[in-house]
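Structure first, commentary second.
This is a predicted model, so every value here is computed, not measured. Whatever order the structure lists them in is the order used to number ligands and atoms, beginning at 1.
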Amino acid sequence: MKQLALFFSCTLTILFAANVMAAETPEHSALTQQQVLGAYLARAGNCSGCHTARGGESFAGGRRLSTSFGVFVTPNITPDKETGIGHWDADDFWQAIHKGKSRDGRLLYPAFPYTEYTKVTRKDANAIFAYLKSLPSVSQVNVPNEINFPYNLKPLLAAWRALYFNEGVYTSDKSQSEEWNRGAYLVQGLGHCNACHTTRNLLGASEENSLNGGKIMGVNWYAPSLSSHSETGGSDWTIEEYIELLTVGISERAVASGPMATIVGRSLQHLSPEDTRSMAVYLKSLTENAVEAPLSAYAPVIPEKMQLRLDQGGKLYESYCETCHGESGEGVPGIYPPLAGNRSVIMDSPVNTIRSVLYGGYPATTAGNPRPYGMPPFQQIFRDNDVALVVSYIRNAWGNRGNQVTAVDVDRSRGGDH
Ligand code: HEC
Ligand code: HEC
Ligand code: HEC
């Protein structure tokens, strides 16, 4: 009980959640307090993001998630008795979210991030379940997963779980503040940040809560390390900068792009100010123990002949990019992200930067940035070598230092969702 009290400054969050719900979904005004809390927590876990097909009914499933192991098609989690979870009770739901087992005992694949959700308390899980039960029933039959051999073999999944799945509710770290623990609970649990921000081995397993950065499966994006100085989340970000990025989607030194824009837009911007601050406090603390050389120590020496390529890239920058990102890569606060001193531009993996240039993109639409300005795609205008030149340039201009990229890197960065 003590733990639950710790995780939940109940009244505040419920009040906040109730306000959000009332503002956004007036038809939900009949929800109980537990359901309101559940709606809030379901947002924090972005359940509908995965359990809603493009253009489909909310929570009715059918979204296809491609991974290296095959395609997973999310199930219907509305209370429909025939096709959804209408026959489930709170124990069945707990078995799914905490243990990764369906009602009939079938082992679930970790494409459902129960490896993170297992940290969620029983009280919070019950609230989410109560909310799911309050949703309109949608009759939509589940589509089977298309999992490749040998990953479709049941014993393999059982072995995988024995090796890599650590079941257990989050336990607080007594040496840290309540705020820090609340942030850790959200980041490690419902926020399932580690589902993307981590390196996976060949079996798709990751080190528990390492947040050490990695390529996201099936989507050609790199989710940076949240604990290293050389990637995103350097210890020089203030708590306010984290808060701004997580709620507005764009801050003075960064922008949440691609899959991260989706997470900010659908989930993080809806968290209460207290919860966002807790997350920021926890995230900032991750970078404080990193033992790494400061960024400048990575600076490669630029050989003379490379300078020519940088000059060519600089010309392209002047003609195509400068109007928005500025003469010195300074951007325009809240509108165009800076490229100078922007860690996602200089980090080791150039894939996100290349993708931004090829495909363009939009930051999240949020209350703090209701009409985000977009970046145009350049794939029709630039050849691969032009993209390589301009990306190499912005990785090395205005005090930035990063490896130069080639047309081969550009080609490799195509594909996947964008
Ligand atoms: C990253 C995508 C993703 C997110 C986010 C996600 N799920 Fe799922 N979920 C899945 C997939 C995929 C499966 C099916 C796994 C399988 O078939 O083995 C699943 C299965 C389930 C099941 C089991 C259904 C059944 O019929 O056995 C439940 C219940 C469930 N999810 C609830 C939730 C809730 C609640 C949340 C939010 C807290 C959530 N999911 C968030 C992808 C996701
Ligand atoms: C669906 C995958 C996914 C999930 C889940 C996810 N992220 Fe990210 N995140 C990304 C990607 C991809 C990037 C790199 C793109 C970018 O820079 O915005 C990123 C970037 C970031 C950045 C740096 C942004 C920048 O530009 O410097 C922060 C901070 C961050 N994520 C925090 C989080 C936190 C906290 C969570 C959990 C609440 C989370 N992420 C969950 C995919 C994800
Ligand atoms: C019309 C204005 C505009 C132009 C022109 C433009 N950009 Fe952008 N750029 C943006 C906006 C807005 C974003 C944020 C979009 C997003 O995050 O998806 C952005 C994002 C980026 C990012 C991602 C930054 C990050 O932190 O993730 C890079 C890299 C980038 N631009 C490089 C370029 C380059 C190189 C050019 C020229 C070839 C260019 N941009 C031209 C507006 C522009």
Side-chain angles (χ1 to χ4, degrees), residues 41-42 44-51 59 61 63 65 72-77 84-85 88 92-93 96-97 100-104 106-114 117 120 125 128-129 132 142 144-145 157 186-187 190-197 211 216 219 221-224 226 231-233 237 242 245-246 249-251 253-264 267-268 279-280 282-283 316-317 319-325 331 335-339 342-345 352-354 356-357 359-363 372-376 378 381-382 386-387 390-391 393-394:
L41 296 168
N46 193 25
C47 313
S48 70
C50 279
H51 285 277
F59 295 96
R63 177 154 172 220
L65 307 170
F72 293 89
V73 190
T74 53
N76 183 344
I77 55 170
I85 59 170
W88 291 40
D92 298 328
F93 182 71
I97 197 164
K101 280 188 197 161
S102 188
R103 181 167 182 255
D104 60 7
R106 178 175 73 91
L107 300 182
L108 295 166
Y109 282 93
F112 169 34
Y114 63 82
Y117 293 157
V120 172
I128 296 173
F129 182 64
L132 294 178
N142 290 335
N145 297 323
L157 181 54
L186 290 167
V187 165
L190 277 178
H192 67 285
C193 316
N194 206 50
C196 292
H197 285 273
L211 296 171
I216 307 177
V219 184
W221 277 86
Y222 178 82
L226 296 181
E231 294 192 358
T232 312
W237 279 20
Y242 276 106
L245 187 77
L246 301 180
I250 182 164
S251 70
R253 283 189 277 182
V255 60
S257 321
M260 192 62 208
T262 309
I263 295 289
V264 169
S267 172
L268 301 179
M279 272 193 173
Y282 174 67
L283 290 173
L316 291 172
Y317 182 83
S319 323
Y320 293 100
C321 323
E322 201 176 279
T323 42
C324 295
H325 292 289
I335 299 179
Y336 301 125
L339 302 178
N342 180 331
R343 281 167 204 274
S344 75
V345 172
N352 296 352
T353 302
I354 293 172
S356 289
V357 176
Y359 305 122
Y362 279 90
Y373 288 80
M375 153 129 175
F378 286 90
I381 303 171
F382 284 176
D386 299 326
V387 177
V390 79
V391 169
Y393 172 75
I394 62 174

Starting from [atom], what is the nearest protein heavy atom, named by residue and atom, and what distance separates them?
| atom | answer |
| --- | --- |
| atom 41 (C) of ligand 1 | Tyr117 OH, 3.2 Å |
| atom 5 (C) of ligand 3 | Tyr320 O, 3.3 Å |
| atom 28 (C) of ligand 1 | Ile77 CG2, 3.8 Å |
| atom 29 (C) of ligand 3 | Thr353 CG2, 3.5 Å |
| atom 22 (C) of ligand 1 | Phe112 CE2, 4.0 Å |
| atom 2 (C) of ligand 1 | Cys50 SG, 2.0 Å |

Inset, instruction - Determine, stepwise, if the pair Phe112 / Phe72 fulfils side chain to side chain contact (heavy atoms under 4.5 Å, CB included). - result: CA-CA 9 Å; Phe112 169 34; Phe72 293 89; over 6 Å; no

Look at the side chain of [X] and the backbone N and O of [Y], then say whether any donor-acceptor pair between them is shorter than 3.5 Å.
| X | Y | answer |
| --- | --- | --- |
| Thr353 | Ser344 | yes |
| His51 | Gly61 | no |
| Asn352 | Tyr222 | yes |
| Tyr320 | Phe382 | no |
| Tyr114 | Leu108 | yes |
| Asn194 | Leu211 | yes |

Would you kindly specify which portion of [X] sits under 4.0 Å from ligand 2, judged on non-hydrogen atoms: side chain, backbone, both or neither?
| X | value |
| --- | --- |
| Leu245 | side chain |
| Pro224 | side chain |
| Leu226 | side chain |

Inset, instruction - Verify the ring-centre separation between Trp88 and Phe93: is it less than 6.0 angstrom? - result: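 Ring centroids of Phe93 and Trp88 are no less than 6.0 Å from each other.
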
Inset, instruction - Please check if atom CZ in Phe378 has more than 12 non-hydrogen atoms from other residues, nucleotides or ligands closer than 6.0 Å. - result: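 Above 12, so yes.
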
Legend entry - His197 atom NE2 and Met260 atom SD as seen from atom 8 (Fe) of ligand 2, angle to 10 degrees: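 Once rounded, the angle between the two atoms at atom 8 (Fe) of ligand 2 is 180°.
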
Inset, instruction - Can you measure from CZ (Arg253) to CH2 (Trp237) and round to the nearest 0.5 angstrom? - result: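 So the CZ of Arg253 and the CH2 of Trp237 are separated by 8.0 Å.
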
Inset, instruction - Mind checking the SG-OH spacing from Cys47 to Tyr117? Nearest 0.5 Å is all I need. - result: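 Between atom SG of Cys47 and atom OH of Tyr117 there are 5.0 Å.
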
Mark up the atoms of ligand 1 that fall under 4.0 Å of a heavy atom belonging to [X], in ascending order.
| X | value |
| --- | --- |
| Ala111 | 1 (C), 2 (C), 12 (C), 42 (C) |
| Phe93 | 35 (C) |
| Leu108 | 16 (C), 18 (O), 23 (C), 27 (O) |
| Asn46 | 5 (C) |

For ligand 2, which atoms sit closer than 4.0 Å to a heavy atom of [X]?
| X | answer |
| --- | --- |
| Ala254 | 25 (C), 26 (O), 27 (O) |
| Asn352 | 14 (C), 15 (C) |
| Leu268 | 38 (C) |
| Trp237 | 27 (O) |
| Val255 | 16 (C), 17 (O), 18 (O), 25 (C), 26 (O) |
| Gly191 | 37 (C), 38 (C) |
| Ile216 | 2 (C), 12 (C), 42 (C) |

Which residue from [options] reaches closest to [atom] through any of its heavy atoms?
| atom | options | value |
| --- | --- | --- |
| atom 35 (C) of ligand 2 | Thr262, Leu211, Leu283, Val264 | Leu283 |
| atom 27 (O) of ligand 3 | Ala256, Gly249, Ser257 | Ser257 |
| atom 17 (O) of ligand 1 | Leu132, Ile85, Asn145 | Asn145 |
| atom 1 (C) of ligand 2 | Ser267, Cys196, Gly361 | Cys196 |
| atom 38 (C) of ligand 1 | Gly84, Ala42, Cys47 | Cys47 |

Inset, instruction - Could you establish whether Tyr282 and ligand 2 come within less than 4.0 Å of each other, counting only heavy atoms on the residue side? - result: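 The answer is no, since Tyr282 has no heavy atom less than 4.0 Å from ligand 2.
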
Inset, instruction - Answer with yes or no whether Ala195 contacts ligand 2, where contact means a heavy atom under 4.0 Å from a ligand atom. - result: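 For ligand 2, residue contact (heavy atoms, under 4.0 Å) with Ala195 is absent.
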
Inset, instruction - Decide yes or no on side chain to side chain contact (heavy atoms under 4.5 Å, CB included) for Trp221 and Ser257, but give the supporting numbers first. - result: CA-CA 10 Å; Trp221 277 86; Ser257 321; 4.0 Å; yes

Legend entry - Any Trp88 heavy atom less than 4.0 Å to ligand 1: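 Under 4.0 Å: yes for Trp88.
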
Inset, instruction - May I ask whether Arg103 has any heavy atom positioned less than 4.0 angstrom from an atom of ligand 1? - result: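 Heavy atoms of Arg103 never come under 4.0 Å of ligand 1.
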
Please indicate whether any nitrogen or oxygen in [X] is less than 3.5 Å from any nitrogen or oxygen in ligand 3.
| X | value |
| --- | --- |
| Tyr373 | no |
| Ser344 | yes |
| Asn342 | yes |

Inset, instruction - Quick one: look at Pro75 and ligand 1, take heavy-atom pairs under 4.0 Å, and tell me if it's side chain, backbone, both or neither. - result: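 Near ligand 1, Pro75 shows its side chain, while the N, CA, C and O stay back.
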
Inset, instruction - Could you please give the number of protein N/O/S atoms within less than 2.8 Å of atom 8 (Fe) of ligand 3? - result: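 Counting protein N, O and S atoms closer than 2.8 Å to atom 8 (Fe) of ligand 3 gives 2.
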
Inset, instruction - Using 2.8 Å as a strict upper limit, say whether an N, O or S atom of His51 approaches atom 8 (Fe) of ligand 1 that closely. - result: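 Checking atom 8 (Fe) of ligand 1 against His51, an N, O or S atom does fall under 2.8 Å.
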
Inset, instruction - Find all atoms of ligand 3 within a distance of less than 4.0 Å from any non-hydrogen atom belonging to Pro363, and give their numbers and elements. - result: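 Those qualifying, in numeric order: 14 (C), 15 (C), 16 (C).
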
Inset, instruction - Kindly confirm whether atom 8 (Fe) of ligand 2 is within less than 2.8 Å of some N/O/S atom in Cys193? - result: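 Checking atom 8 (Fe) of ligand 2 against Cys193, no N, O or S atom falls under 2.8 Å.
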
Legend entry - Leu190 vs Ile128 side-chain heavy atoms within contact, under 4.5 Å: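 Leu190 reaches Ile128 side chain to side chain.
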
Inset, instruction - With heavy atoms under 4.0 Å as the rule, classify the contact between Phe382 and ligand 3 as side chain, backbone, both or neither. - result: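 Contact part for Phe382 vs ligand 3: side chain (C-beta onward).
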
Legend entry - Heteroatom proximity flag, Tyr109 to ligand 1, N/O under 3.5 Å: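 It does: an N or O of Tyr109 is found under 3.5 Å from an N or O of ligand 1.
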
Inset, instruction - Say whether Ser102, considering both its backbone and side-chain N or O atoms, lies within less than 3.5 Å of an N or O atom on ligand 1. - result: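 Right, the criterion is met.
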
Inset, instruction - Kindly determine whether Ile97 and Phe129 satisfy side chain to side chain contact (heavy atoms under 4.5 Å, CB included), including the steps that lead there. - result: CA-CA 10 Å; Ile97 197 164; Phe129 182 64; over 6 Å; no

Legend entry - Check against side chain to side chain contact (heavy atoms under 4.5 Å, CB included), Met260 and Leu268: CA-CA 10 Å; Met260 192 62 208; Leu268 301 179; 3.8 Å; yes

